[in-house]
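Below is one structure, written out as structure tokens; comments come after it.
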Amino acid sequence: MREVKKALSFILTVEFWRMGIFWTLSLVMSYFQLFWQRVFTKKPNAYPRCPPQRIGTKKPICVITGATSGIGAAAAYDLSKEGFYVVLVGRSSQLLSKMIEWIHKKNKDACVEAFEVDLSSFQSILKFKDSLEKWLLDSDMHVSVQLLINNAGILAASHRLTEEGYDQMMGTNYIGAFSLTKLLLPLLKNSPIGSRIVNVTSFTHRNLFNVQIDKETVVGKCLSRSKQYPFSHIYEFSKLCLLMFSYELHRQLHSTDESCKVSVIAADPGAVETNIMQELPSYISRMTFIALNLLGLLQSPEEGASSVIDAALAPPEISGVYFFGGKGRTLNSSALSHNIRLAEKLWRSSSDLFLESKLASARTYTS
């Protein structure tokens with residue numbers, strides 16, 4: 001009875017209707033855009049998958065966050081079959097151990113390693129970077145990374161703060177991905193073969209048409225001051241930030257160095273039946289999955305992971321694009337996501353936060 005009351009109460013909120021109507025419309029619009037491209041334009045919008053290159057006799061290293069369930073788990077297994085040495089990153093050591101066991105059961109030749117990391121904590125990310133470098137040296141591997149997949153994400157139903165005082169959803173979905181990418185970029189650049197960053201974003205970014213970007217909005221302070229926590233809006237904003245970061249990092253890497261071998265791609269899995277809605281009333285999440293399934297829009301984690309694998313295995317020269325819908329297909333993301341002025345503001349704000357966290361961590365280590 002308590003769950004029923006929670007569900008009925010949630011149905012009366014703005015968040016429910018924003019998710020139920022606008023998220024569904026943005027998803028349908030994405031698939032319509034795919035249909036329009038296929039039928040009415042001659043421009044190819046799909047790329048083939050290319051097998052990963054080895055470094056001598058060594059398997060290329062893939063780091064994937066949020067790898068203990070859902071899309072991350074499915075992608076990790078697929079990439080182990082493709083020949084990557086997969087480094088799983090997750091918050092639970094117990095779930096990471098289960099994932100390693102599960103992957104080995106399905107693929108006895110898989111090479112898998114796991115690290116417990118909290119993506120909402122800069123110190124945890126920094127510790128992981130140091131541990132990863134040590135592991136690479138101790139394992140006699142080339143000290144480089146060929147593929148980084150920023151997949152970790154949450155949909156938090158209530159306002160919570162990270163250790164740094166950021167909104168936890170912004171900290172996990174965007175700031176953590178930005179910080180991890182910045183810290184691992186030297187390892188990606190150090191690769192003797194082409195390397196790639198894949199940022200897992202969402203069609204929900206299409207619901208935002210005008211945003212203000214500064215340090216306060218990036219850490220979620222302005223957005224979380226409302227009487228009712230606007231979690232759907234913050235989720236959309238976090239995914240928009242991740243998408244704009246993808247395009248801006250692509251521009252920065254390739255405008256200054258034409259020979260740069262690091263590519264950056266955004267991947268959108270669409271609507272996938274995962275545990276991302278676990279903080280919502282159980283009746284609501286079940287109803288949502290039933291409705292999406294009836295509309296033919298719901299995918300299994302294995303199906304949803306296909307766009308991520310498409311992005312990971314796209315030809316080496318492909319960068320700065322947005323994969324959606326599987327089968328190697330790409331789309332144009334929203335006009336707002338391509339706003340270079342906003343992207344530059346986002347980069348400056350995020351870089352300032354990164355430096356502040358780095359200085360704070362340095363003071364902690366020396367004190």
Side-chain angles (χ1 to χ4, degrees), residues 13-34 150-157 159 166-178 199-251 264-272 276-277 280 288 297 307 320-325 330-350 353:
T13 65
V14 172
E15 300 305 305
F16 171 79
W17 293 103
R18 185 181 184 101
M19 292 170 66
I21 296 174
F22 292 108
W23 286 20
T24 304
L25 285 175
S26 61
L27 180 60
V28 170
M29 185 169 292
S30 296
Y31 279 109
F32 179 77
Q33 192 178 337
L34 278 181
N150 288 310
N151 166 72
I154 61 170
L155 179 63
H159 180 47
Y166 308 153
D167 175 85
Q168 191 177 34
M169 190 149 40
M170 285 302 298
T172 303
N173 295 5
Y174 171 65
I175 300 171
F178 180 91
N199 291 322
V200 180
T201 184
S202 167
F203 56 89
T204 59
H205 81 275
R206 296 183 185 277
N207 292 325
L208 297 173
F209 300 97
N210 184 31
V211 295
Q212 177 185 338
I213 291 183
D214 51 36
K215 281 166 68 174
E216 283 220 328
T217 54
V218 172
V219 301
K221 283 185 180 176
C222 293
L223 298 168
S224 58
R225 285 174 185 160
S226 308
K227 188 175 179 181
Q228 183 183 32
Y229 182 59
F231 63 86
S232 61
H233 184 273
I234 293 176
Y235 182 83
E236 296 162 5
F237 183 63
S238 71
K239 293 300 183 178
L240 174 67
C241 286
L242 197 56
L243 187 51
M244 287 197 293
F245 164 55
S246 304
Y247 295 150
E248 182 60 22
L249 181 58
H250 159 73
R251 279 191 291 269
V264 189
I265 294 179
D268 181 349
V272 183
I276 194 156
M277 297 177 71
L280 303 186
T288 300
L297 299 174
S307 293
V321 297
Y322 171 72
F323 277 80
F324 176 85
T330 60
L331 276 185
N332 290 323
S333 55
S334 71
L336 189 64
S337 70
H338 289 283
N339 187 310
I340 294 176
R341 183 182 59 84
L342 281 178
E344 289 171 346
K345 277 188 175 182
L346 177 65
W347 182 271
R348 286 194 298 271
S349 299
S350 305
L353 291 168

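The chain is numbered in sequence order, starting from 1. Computed from a predicted model, the values in this text were never measured in an experiment.
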Determine yes or no for a side-chain-to-main-chain donor-acceptor pair under 3.5 angstrom, with [X] supplying the side chain and [Y] the backbone.
| X | Y | value |
| --- | --- | --- |
| Asn173 | Ile154 | yes |
| Glu236 | Leu208 | no |
| Thr172 | Gly153 | no |

Q) With sequence neighbours excluded, what pairs up with Tyr322 under the ring-ring contact (aromatic ring centres under 6.0 Å, His included) test? A)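 For Tyr322, the residues satisfying ring-ring contact (aromatic ring centres under 6.0 Å, His included) (neighbours in sequence not counted) are His205.
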
Q. Who are the ring-ring contact (aromatic ring centres under 6.0 Å, His included) partners of Phe324, not counting sequence neighbours?
A.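 Testing Phe324 for ring-ring contact (aromatic ring centres under 6.0 Å, His included), a comparison that skips the adjacent residues, returns Tyr31.
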
Between [X] and [Y], what is the shortest heavy-atom contact and its length?
| X | Y | answer |
| --- | --- | --- |
| Lys239 | Ser202 | CG-CB, 3.7 Å |
| Leu280 | Leu155 | CD1-CD2, 4.3 Å |
| Cys241 | Met170 | SG-CE, 4.2 Å |
| Gln228 | Thr13 | NE2-CG2, 3.2 Å |
| Ser307 | Gly325 | OG-N, 3.3 Å |

Q | Candidate pair Asp214 and Lys345, rule side chain to side chain contact (heavy atoms under 4.5 Å, CB included), full reasoning | A | CA-CA 7 Å; Asp214 51 36; Lys345 277 188 175 182; over 6 Å; no

What's the spacing between [X] [atom1] and [Y] [atom2] if we round to 0.5 Å?
| X | Y | atom1 | atom2 | value |
| --- | --- | --- | --- | --- |
| Asn150 | Thr201 | CG | OG1 | 11.5 Å |
| Ser337 | Arg206 | OG | CZ | 7.5 Å |
| Tyr247 | Leu242 | OH | CG | 11.0 Å |
| Lys221 | His159 | NZ | NE2 | 9.5 Å |
| Leu240 | Asn339 | CG | CG | 9.5 Å |
| Tyr229 | Ile234 | OH | CD1 | 3.5 Å |

Does the side chain of [X] reach to within under 4.5 Å of the side chain of [Y], using non-hydrogen atoms?
| X | Y | value |
| --- | --- | --- |
| Leu346 | Glu248 | no |
| Leu243 | Asn199 | no |
| Tyr235 | Ile276 | yes |
| Leu353 | Val218 | yes |
| Met29 | Phe203 | no |
| Thr288 | Met19 | no |
| Ile265 | Ser246 | no |
| Ser232 | Phe22 | no |

Q: Look at the rings of Phe178 and Phe245 and say which category their plane angle falls in: under 30° parallel, 30 to 60° tilted, over 60° perpendicular.
A: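 The arrangement is tilted - the two ring planes meet at 30° to 60°.
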
Q: Consider only side-chain N and O atoms of Tyr174 and Asp167, and report whether a donor and an acceptor are under 3.5 Å apart.
A: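 There is no such pair (donor and acceptor under 3.5 Å, judged by atom type) between the side chains of Tyr174 and Asp167.
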
